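Please read all numbers here as calculations on a predicted model, not as lab measurements. In listed order, ligands and their atoms are each counted from 1.
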Amino acid sequence: MDNFKHLLRLRDWDAERILGTIGVAIRLKNEVKNGIYSEQLKGKTIGLFFEKPSLRTVTTFQVGMHQLGGMPVTLEPKSIGLNKRESVKDIARCLSRWLNGLVVRCFKQTLVEQLAEHGNIPVINALTDDHHPCQALAFGQVMVEQFGEDLRGKTVAFIGDGNNVANSTMELCAKLGMNFTLACPKGFEQKKEDIELSLPDFKKSGGKYRLFNEPRDAVRDADILYSDVWVSMGQEGQKDSKQNHFLPFQISDELLSLAPKHCKVTHCLPANRGEEITDSVMDNLQINLCYEEAENRLHAQKAVLWELLF
Ligand code: CP
Ligand code: NVA
């Protein structure tokens with residue numbers, strides 16, 4: 001399977017394609033601000049298959065496809081009955097006959113891989129338990145908008161769980177020569193194999209991977225702090241057991257005061273205010289770029305659709 005035809009995880013893309021996509025996203029964002037809409041994907045359709053809840057991702061794919069002149073089609077997991085009513089192979093083959101692309105939010109990373117393998121249309125990972133590449137591209141766009149295209153040597157400190165968003169942010173950093181620091185409680189690190197798979201990219205780009213179990217150590221040289229929920233979708237049963245471990249990993253004014261003065265903050269959203277991030281930091285729009293990142297979801301995904309479907 002040629003993973004370059006899809007967006008299954010960011011590690012499959014090279015730096016040139018990531019920066020090119022971010023460049024297109026920035027152009028499309030400016031065009032929309034000037035009331036210019038392209039008809040690039042006129043007549044094309046994408047399917048949206050979401051097994052988990054969503055505000056941002058589902059809305060931005062729908063609006064984005066509309067802005068590019070194409071049409072999104074909602075696919076209902078309950079009605080489709082994946083592996084119950086019908087096999088993944090047959091579903092992928094049929095969808096490939098009607099659609100030009102498939103956007104999938106699901107639990108297992110293997111499902112997006114199987115849909116890509118058995119169909120012959122681009123599959124875009126809209127979040128799995130292990131990856132969230134669309135979020136990482138929107139974040140990359142924020143970084144380019146803030147610091148310019150050469151992001152080498154910038155430091156992203158991810159404070160919290162070693163989860164899907166951490167993985168994709170790490171893969172972005174590894175490709176673009178940024179340093180990625182994870183601060184998390186012991187036992188909640190990313191999977192070893194995910195880190196190891198990115199080490200060659202860090203080596204090639206000059207970026208560094210660092211792991212701390214103490215958030216204060218992680219923020220000292222950070223250009224941006226990244227926050228996400230402590231308990232991801234599908235892990236709700238672990239909330240009580242996780243909560244206590246994560247209490248020191250809250251992004252607060254106090255933690256921020258230990259970071260360099262220019263340091264910004266972001267969050268992939270949705271946020272649990274008062275848990276992983278305080279109200280005060282969330283509402284400080286001088287430093288909190290999370291709404292810019294949410295806006296960029298629209299344009300970064302349009303750029304992905306442009307890249308893969310045109
Ligand atoms: N950040 C993000 O993916 O948001 P949704 O879960 O609302 O789509
Ligand atoms: N880590 C979070 C991200 C939500 C966008 C989750 O998977 O629920």
Side-chain angles (χ1 to χ4, degrees), residues 7-10 25 46-65 72 74-75 77 102-112 124-143 156 158-172 180 182-185 188-191 194 224-239 242-243 245-246 249-251 265-273 275-277 282 288-305:
L7 178 56
L8 303 181
R9 58 186 289 173
L10 209 53
I46 52 165
L48 301 177
F49 180 89
F50 278 56
E51 286 183 339
K52 294 180 181 181
S54 170
L55 169 69
R56 278 146 289 274
T57 312
V58 78
T59 309
T60 50
F61 269 111
Q62 284 177 346
V63 173
M65 198 58 187
T74 301
L75 304 168
L102 184 59
V103 176
V104 181
R105 168 168 288 196
C106 60
F107 294 85
K108 290 193 185 330
Q109 180 71 16
T110 48
L111 176 58
V112 290
I124 298 169
N125 178 348
L127 182 147
T128 62
D129 290 347
D130 297 319
H131 296 281
H132 198 359
C134 294
Q135 189 74 49
L137 287 171
F139 170 65
Q141 185 180 342
V142 167
M143 291 299 282
V156 181
F158 194 99
I159 312 295
D161 195 22
N163 62 14
N164 43 11
V165 177
N167 276 341
S168 292
T169 309
M170 172 191 71
E171 293 189 351
L172 177 86
F180 178 81
L182 176 69
C184 71
F188 295 95
E189 298 85 6
Q190 297 156 267
K191 283 187 221 143
D194 281 319
I224 189 157
L225 309 187
Y226 206 128
S227 179
D228 185 12
V229 293
W230 295 332
V231 178
S232 286
M233 291 179 277
Q235 300 180 339
E236 289 77 8
Q238 297 172 31
K239 189 168 167 61
K242 267 186 133 179
Q243 201 84 351
H245 295 281
F246 279 90
F249 292 81
Q250 181 186 65
I251 298 187
V265 173
T266 194
H267 192 303
C268 62
L269 302 175
N272 288 318
R273 287 163 171 256
E275 292 187 15
E276 74 273 4
I277 190 161
M282 274 300 284
N288 181 8
L289 304 176
C290 74
Y291 305 109
E292 203 61 34
E293 184 168 330
E295 180 179 342
N296 287 353
R297 295 293 305 279
L298 173 61
H299 307 293
Q301 287 158 200
K302 276 160 63 183
V304 170
L305 292 169

Novice: Could you tell me whether the side chain of Y291 reaches within less than 4.5 Å of the side chain of M282, counting heavy atoms only?
Specialist: yes
Novice: Report yes if some heavy atom in the side chain of H245 is under 4.5 Å from a heavy atom in the side chain of W230; otherwise report no.
Specialist: no
Novice: Counting only heavy atoms closer than 4.0 Å, does ligand 1 sit against the backbone of H132, its side chain, both, or neither?
Specialist: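 The side chain, only.
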Novice: Purely on distance, is any nitrogen or oxygen of H132 under 3.5 Å from one on ligand 2?
Specialist: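 In fact, backbone or side chain, H132 has no N or O that close.
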Novice: Quick one: are H131 and L7 in side-chain contact, heavy atoms under 4.5 Å?
Specialist: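 No. Closest side-chain heavy atoms not under 4.5 Å.
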Novice: Could an N or O of ligand 2 be found under 3.5 Å from any N or O of K52, whether backbone or side chain?
Specialist: no
Novice: Please state which part of L269 comes within less than 4.0 Å of ligand 1, counting heavy atoms only: side chain, backbone, both or neither.
Specialist: backbone
Novice: For atom 2 (C) of ligand 1, what's the nearest protein heavy atom and its distance?
Specialist: R297 NH1, 3.3 Å
Novice: Among T57, N164, D130, which one has a heavy atom closest to atom 7 (O) of ligand 2?
Specialist: N164
Novice: So which heavy atom in the protein is nearest atom 4 (O) of ligand 1, and how far is it from that ligand atom?
Specialist: R56 NE, 2.8 Å
Novice: I need the nearest protein heavy-atom contact for atom 8 (O) of ligand 2: residue, atom name and distance, please.
Specialist: M233 N, 2.8 Å
Novice: Do we see a donor-acceptor contact under 3.5 Å between the side chains of E293 and Q135?
Specialist: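 There is such a pair (donor and acceptor under 3.5 Å, judged by atom type) between the side chains of E293 and Q135.
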Novice: With the side chain counted from C-beta on, respond yes when Y226 and I224 share a heavy-atom pair under 4.5 Å apart, and no when they do not.
Specialist: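 No, their side chains stay 4.5 Å or more apart.
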Novice: Near L269, which atoms of ligand 2 are under 4.0 Å from a heavy atom of that residue?
Specialist: 5 (C)
Novice: Starting from atom 6 (O) of ligand 1, find the nearest protein heavy-atom neighbour and note its residue, name and distance.
Specialist: R105 NH1, 2.8 Å
Novice: Does any part of the side chain of S232, heavy atoms only, come nearer than 4.5 Å to the side chain of N164, both counted from C-beta?
Specialist: yes
Novice: Considering both backbone and side-chain atoms of R105, is one of its nitrogen or oxygen atoms within less than 3.5 Å of a nitrogen or oxygen in ligand 2?
Specialist: no
Novice: Pull out every atom of ligand 2 sitting under 4.0 Å from any heavy atom of S232, numbered as shown with elements.
Specialist: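 Under 4.0 Å from S232, ligand 2 has these atoms: 1 (N), 2 (C), 6 (C), 7 (O), 8 (O).
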Novice: For D130 and Q109, test the side chains for any donor-to-acceptor distance below 3.5 angstrom and give the result as yes or no.
Specialist: no
Novice: Do I124 and Q301 touch side chain to side chain, with heavy atoms closer than 4.5 Å?
Specialist: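 With C-beta onward as the side chain, the pair stays apart.
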Novice: Using a strict 4.0 Å cut-off to heavy atoms of Q135, name the atoms of ligand 1 that fall inside it.
Specialist: 1 (N), 2 (C), 3 (O)
Novice: Specify the closest pair of heavy atoms between A138 and R297, including all atoms of both residues, with the distance to one decimal.
Specialist: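 Smallest interatomic distance, heavy atoms only, reads CB-CD, 3.5 Å.
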Novice: Looking only at distances, please establish whether an N/O atom of ligand 2 is found under 3.5 Å from an N/O atom of C268.
Specialist: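 Checking ligand 2 against C268, no N or O pair falls under 3.5 Å apart.
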Novice: Report, in ascending order of atom number, the atoms of ligand 1 lying under 4.0 Å from any heavy atom of C268.
Specialist: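 Going through ligand 1 atom by atom, the ones under 4.0 Å from C268 are 1 (N).
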Novice: At a 4.0 Å threshold, what atoms of ligand 2 neighbour a non-hydrogen atom of L127?
Specialist: 3 (C), 4 (C), 5 (C), 7 (O)
Novice: Taking the side chain as every heavy atom from C-beta outward, state whether V142 and T266 have any atom pair closer than 4.5 Å.
Specialist: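 Answer no - side chains too far apart.
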Novice: For D161, state whether at least one heavy atom is located under 4.0 Å from any atom of ligand 2.
Specialist: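 No, that is not the case, since the closest heavy atom of the residue is not under 4.0 Å from the ligand.
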Novice: Between atom NZ of K242 and atom CD of E236, what is the distance when rounded to the nearest 0.5 Å?
Specialist: 10.5 Å
Novice: Polar contacts were defined as any N/O atom of the residue lying under 3.5 Å from an N/O atom of the ligand; does this apply to L127 and ligand 1?
Specialist: no
Novice: Are F61 and L305 close enough that some pair of their side-chain heavy atoms sits under 4.5 Å apart?
Specialist: yes
Novice: Could you tell me whether some N/O pair between L55 and ligand 1 is separated by less than 3.5 angstrom?
Specialist: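 Right, the criterion is met.
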